[in-house]
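In what follows, a single structure is set out as structure tokens and then discussed.
Below, all heavy atoms of this structure are taken into account, side chains as well, without hydrogens, waters or symmetry copies.
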Amino acid sequence: NKTKTERRKMKGGYCGKLLRVDLTAQEITEAPMPGDDVLRQYLGCWGLGLRFLYDLLPPGYSATDPQNPLAFFTGPLTGLRLPGATNITLATKNFDAGFTVGRSHSHGRFGILLKMAGYDGLVITGGSEKPVYLWVHEGQAELRDAANVWGKDTHDSEDLIKKEVGEAKASVAAIGPAGENLCAGGMIGNDKNHSFSHSGVGSAMGAKKLKAIAVFGNASIPVADSEKLENVRKQWMENLNKPGHFGMKVGQAKTKIAEYRYMLDLIGFVGKNFRINQLSDFGRGWSRQKFTPRPCPTCPIGCSYDVEVTEGPRKGYVATLSGGGEALEGAGSILNVVEPGTIFYLTDQYDRLGIEGSVAGCTIAMAMEAFEKGLLKGSDTGGLELIWGDAEMVETLLRKMIYREGFGDILARGVKEAAEAIGGEAPDFAAHIKGTGINLHDWRAAWGVLFGQIVGSGAGWPAPGADCWTPEPDAGYPQLTERFDARSKPMEPRKTGILKFMNDCTGICWFITWGLQGVLRLTAEAISAATGWDYSPEVLLQVGERVMHLERAFNVRHGFTPADDWNVPKRIIQAPPDGRAKGISIGPHLKGMVEEYYRLMGWDPRTGKPWRKTLKQFGLAGVARDLWGE
């Protein structure tokens with residue numbers, strides 16, 4: 001199932017090899033990593049994955065076609081002794097949106113063990129006739145029959161595969177029933193507390209009949225200058241302990257989740273499908289639950305955790321969750337479910353069934369509002385009464401959606417298509433970005449964050465803006481900006497996007513870089529120490545901007561038009577009824593903001609294409625020919 005290829009000689013940071021898997025032919029081959037010229041331009045993770053995706057997938061193919069690759073890549077810093085050096089990124093076509101790129105990051109041990117097994121990346125194409133899983137270990141790889149795990153949830157699949165391969169310390173990334181049944185929002189769970197979510201990547205994997213990827217290795221990752229790398233590590237830790245940085249000190253993540261009610265003052269919640277911002281009961285009682293941190297290797301923040309429910313109808317249930325509150329709002333506030341134990345239980349069901357919380361939450365909430373307003377009746381829903389706050393009904397409807405039973409088959413198409421199928425005013429109730437889930441907080445109270453989401457690909461966190469959570473000093477924003485200034489907002493996704501896309505290429509978790517003073521210098525020094533290159537902050541910024549232009553070029557080639565950036569759902573741009581943004585709407589300003597953003601980026605406002613000059617400036621002359629001709 002594999003052929004041997006000489007590892008490309010490198011000083012450090014990279015193993016020098018990647019695996020190519022053809023599921024149609026059931027063949028696995030090793031290939032050398034690209035040369036230093038390409039690696040310096042894209043580094044790894046998102047940058048390198050996007051470059052491979054762009055080159056391998058011409059227009060005209062859907063996310064479910066065998067030609068659509070799954071490109072998993074680590075970065076030069078993944079697995080090294082640095083804080084949060086755990087990132088691995090999956091690049092593929094966006095299953096949910098259908099015409100944009102799909103980007104998904106995960107953490108835990110998966111990326112680290114892939115590198116320790118001897119590979120910087122996996123490029124998977126084709127499609128299997130029967131369910132299989134990939135087992136990568138100690139410089140070897142093989143495809144195995146997955147019949148006994150097909151149909152299992154992500155957690156059970158992980159346990160069964162570890163037992164079958166005989167390696168308890170392996171890391172397993174597996175889809176659940178949502179991915180198998182090609183549901184919108186399908187994701188890939190790994191290491192119980194982590195996932196490749198956003199963009200429906202689990203369903204793109206399910207279309208290939210690839211149930212899981214298991215990895216294990218013991219090899220050390222080469223480093224050009226370990227002493228220099230250790231000095232960078234110490235400086236990074238010092239900066240992490242300073243005020244600022246994502247508003248979160250080292251080791252504080254568990255407390256932030258337990259005291260989630262701070263979000264009320266910050267931006268509020270997506271209550272009852274964005275119709276209540278100040279949902280005062282949401283988050284109450286969370287601190288009484290029993291939280292156990294499950295930090296990634298080398299991570300000082302520890303955003304992943306287990307939570308044991310200590311009271312209520314789900315008392316004793318243990319959920320295995322990860323950082324961020326988006327899925328908690330997708331299982332709670334957006335559905336008007338407020339009982340703490342029930343929220344943690346439903347969020348864990350999303351993870352086990354393998355569906356992203358925003359897609360599931362927004363889709364079910366849209367259906368509940370349609371039912372409330374008479375667009376749906378019990379005869380449409382198989383007798384289910386879609387009542388706000390009814391957690392038992394939510395779980396029943398979720399499972400119908402995952403298994404495509406009755407009315408659930410309509411919801412499995414995702415919030416945009418399901419709303420269009422219901423008809424009437426239902427599309428006005430649908431919250432999404434280009435057909436896929438929005439990063440699920442109420443960003444109507446932070447226009448920089450919201451606008452960054454709107455002009456993104458519908459693939460999770462793009463540019464974060466600079467008016468909520470934390471300033472971005474290395475992007476030119478040493479202080480938080482005014483939230484509702486339409487004139488200044490187009491610059492925020494440009495500047496913070498460049499920094500974010502750069503960070504997404506290195507192998508370091510965003511929670512370790514977001515808002516960190518001096519992150520450009522520290523990252524450049526870390527890459528130099530790891531690889532032996534002489535890398536600078538200026539070159540890092542070029543990487544980030546190059547990847548932003550390449551992402552937009554991919555989207556334009558696959559059907560994107562500028563109207564997709566300003567014709568957004570009413571629900572996510574209308575003025576909230578309460579909270580910090582009460583009566584304030586970004587809607588009237590949006591088209592002008594998009595046009596200004598294009599001007600700042602060097603993109604054509606009529607077509608959305610990066611101008612030929614812009615692309616050539618970043619070494620993308622071939623991409624310019626693809627978009628503009630000879």
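The shortest side-chain heavy-atom distance between Leu23 and Leu143 falls under the 4.5 Å cut-off. Asn555 is listed as a side-chain neighbour of Ser457, based on a closest heavy-atom distance under 4.5 Å. For the pair Tyr133 and Glu164, the minimum side-chain heavy-atom distance is below 4.5 Å. At least one side-chain heavy atom of Ser128 sits less than 4.5 Å from a side-chain heavy atom of Gln26. Using a 4.5 Å heavy-atom threshold, the side chains of Thr86 and His194 count as separate. Side-chain contact check for Phe560 versus Asp565: some heavy-atom pair is nearer than 4.5 Å. Side-chain contact between Leu620 and His549: present, with at least one pair of heavy atoms (C-beta onward) separated by less than 4.5 Å. Side-chain contact check for Ile213 versus Ile124: some heavy-atom pair is nearer than 4.5 Å.
The NZ atom of Lys152 sits 12.5 Å away from atom CZ of Arg352, with the distance rounded to the nearest 0.5 Å. For the atom pair OG1 of Thr29 and NZ of Lys17, the computed distance is 12.0 Å after rounding to the nearest 0.5 Å. Between atom CG of residue Leu499 and atom CG of residue Asp504 there is a gap of 9.5 Å, rounded to the nearest 0.5 Å. Atoms SG and CG, on Cys296 and Asn193 in that order, are 8.5 Å from each other to the nearest 0.5 Å. Atom CG of Leu82 is separated from atom CH2 of Trp236 by 6.5 Å, given to the nearest 0.5 angstrom. A distance of 11.5 Å separates OG in Ser62 from NE2 in His558, rounded to the nearest 0.5 Å.
Lys115 places no side-chain N or O within 3.5 Å of a backbone atom of Ile221 that could act as its donor or acceptor partner. Remark: the backbone N or O of Arg109 is paired with a side-chain donor or acceptor of Asp191 at under 3.5 angstrom. Proximity of a side-chain donor or acceptor of Ser358 to a complementary backbone N or O of Ile438 within less than 3.5 Å is detected. The backbone N or O of Gln67 sits nowhere less than 3.5 Å from a side-chain atom of Asp65 that would complete a donor-acceptor pair. Looking at Thr363, its side chain does come within 3.5 Å of a backbone N or O of Val415 through a donor-acceptor pair. Under a 3.5 Å cut-off, the side chain of Thr154 and the backbone N or O of Asp351 do form a donor-acceptor pair. With hydrogens and angles disregarded, no donor-acceptor distance shorter than 3.5 Å links the side chain of Glu545 to the backbone of Gln542. A distance-only check finds a donor-acceptor pair linking the side chain of Thr506 to the backbone of Ile508 [under 3.5 Å]. With Thr531 contributing its side chain and Gly12 its backbone, the two residues share no donor-acceptor pair below 3.5 Å. Counting only distance, with no hydrogens or angles, the side chain of Thr78 and the backbone of Ala85 share no donor-acceptor pair below 3.5 Å.
Taking 4.0 Å as the cut-off between side-chain N and carboxylate O, Asp564 and Lys434 do not count as a salt-bridged pair. Between Arg399 and Glu405 there is no salt bridge, since none of the side-chain N atoms of the basic residue sits less than 4.0 Å from a carboxylate O of the acidic one. Contact check on Asp159 versus Lys192 returns a salt bridge, with a Lys/Arg side-chain nitrogen under 4.0 Å from an Asp/Glu carboxylate oxygen.
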### Task
Dump the intermediate steps for side chain to side chain contact (heavy atoms under 4.5 Å, CB included) on Trp461 and Gln453, then the final yes or no.
CA-CA 7 Å; Trp461 268 106; Gln453 298 280 328; 3.7 Å; yes
### Task
Take Leu19 and Glu30, measure what side chain to side chain contact (heavy atoms under 4.5 Å, CB included) needs, and give me the verdict at the end.
CA-CA 5 Å; Leu19 278 177; Glu30 289 184 356; 3.8 Å; yes
### Task
Check the pair His137 / Val165 against side chain to side chain contact (heavy atoms under 4.5 Å, CB included), numbers first and verdict last.
CA-CA 10 Å; His137 57 106; Val165 301; over 6 Å; no
### Message
Would Tyr350 and Leu398 count as a side chain to side chain contact (heavy atoms under 4.5 Å, CB included) here? Give the steps.
### Response
CA-CA 9 Å; Tyr350 287 173; Leu398 172 66; 3.7 Å; yes
#### Entry: Derivation of the salt bridge (charged side-chain N to carboxylate O under 4.0 Å, His left out) call for Arg20 and Glu27
CA-CA 8 Å; Arg20 289 181 175 268; Glu27 291 180 352; over 6 Å; no
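A cation-pi contact links Lys500 to Trp510, judged by a cut-off of 6.0 Å to the six-membered ring centre and 45° from its axis.
Under the side chain to side chain donor-acceptor pair (under 3.5 Å) criterion, the residue pairs touching residues 44-57 are Tyr42-Arg51, Arg51-Asp55, Tyr54-Asp626, with sequence neighbours excluded.
Heavy atoms only, all atoms of each residue included: Ala526 and Leu229 are closest at O-CD1, 3.8 Å. When all heavy atoms of Phe95 and Ala204 are compared, the closest pair comes out as CD1-N, 4.2 Å. Ile175 and Leu210 get closest at one heavy-atom pair: CD1-O, 3.8 Å. In terms of heavy-atom proximity, Leu48 sits nearest to Leu43 at CD2-O, 4.5 Å. Minimum interatomic distance between Asp96 and Gly200 (heavy atoms only, all atoms of both residues): OD2-N, 3.4 Å. Of all the heavy atoms in Ile355 and Ala178, the pair that sits closest is CB-CB, 4.0 Å.
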May I have the list of side-chain donor-acceptor pairs in residues 181-188 shorter than 3.5 Å, sequence neighbours left out?
{"from": "Asn181", "atom 1": "ND2", "to": "Pro177", "atom 2": "O", "distance (Å)": "3.1"}
{"from": "Asn181", "atom 1": "ND2", "to": "Ile402", "atom 2": "O", "distance (Å)": "3.0"}

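Ring-plane geometry between Phe196 and Phe72 is classed as perpendicular, the angle between the planes exceeding 60 degrees on a 0 to 90 degree scale with a lower cut at 30.
Residues Thr320 and His155 have side chains that bring a donor and an acceptor to within less than 3.5 angstrom of each other. For the residue pair Asn68 and Thr92, a side-chain donor N or O sits within less than 3.5 Å of a side-chain acceptor on the partner. Residues Ser171 and Asn190 bring no donor and acceptor atom of their side chains to less than 3.5 Å of each other.
By the neighbour-count criterion of 12 heavy atoms within 6.0 Å, atom CG of Asp534 is sparsely surrounded, having that number or fewer from other residues, nucleotides or ligands. For NZ of Lys209, the number of neighbouring non-hydrogen atoms (other residues, nucleotides, ligands) closer than 6.0 Å is 12 at most.
When each of Phe618, Trp603, Trp628 is checked for a ring pair (Phe, Tyr, Trp, His ring centres under 6.0 Å) with Trp611, only Trp628 meets the rule.
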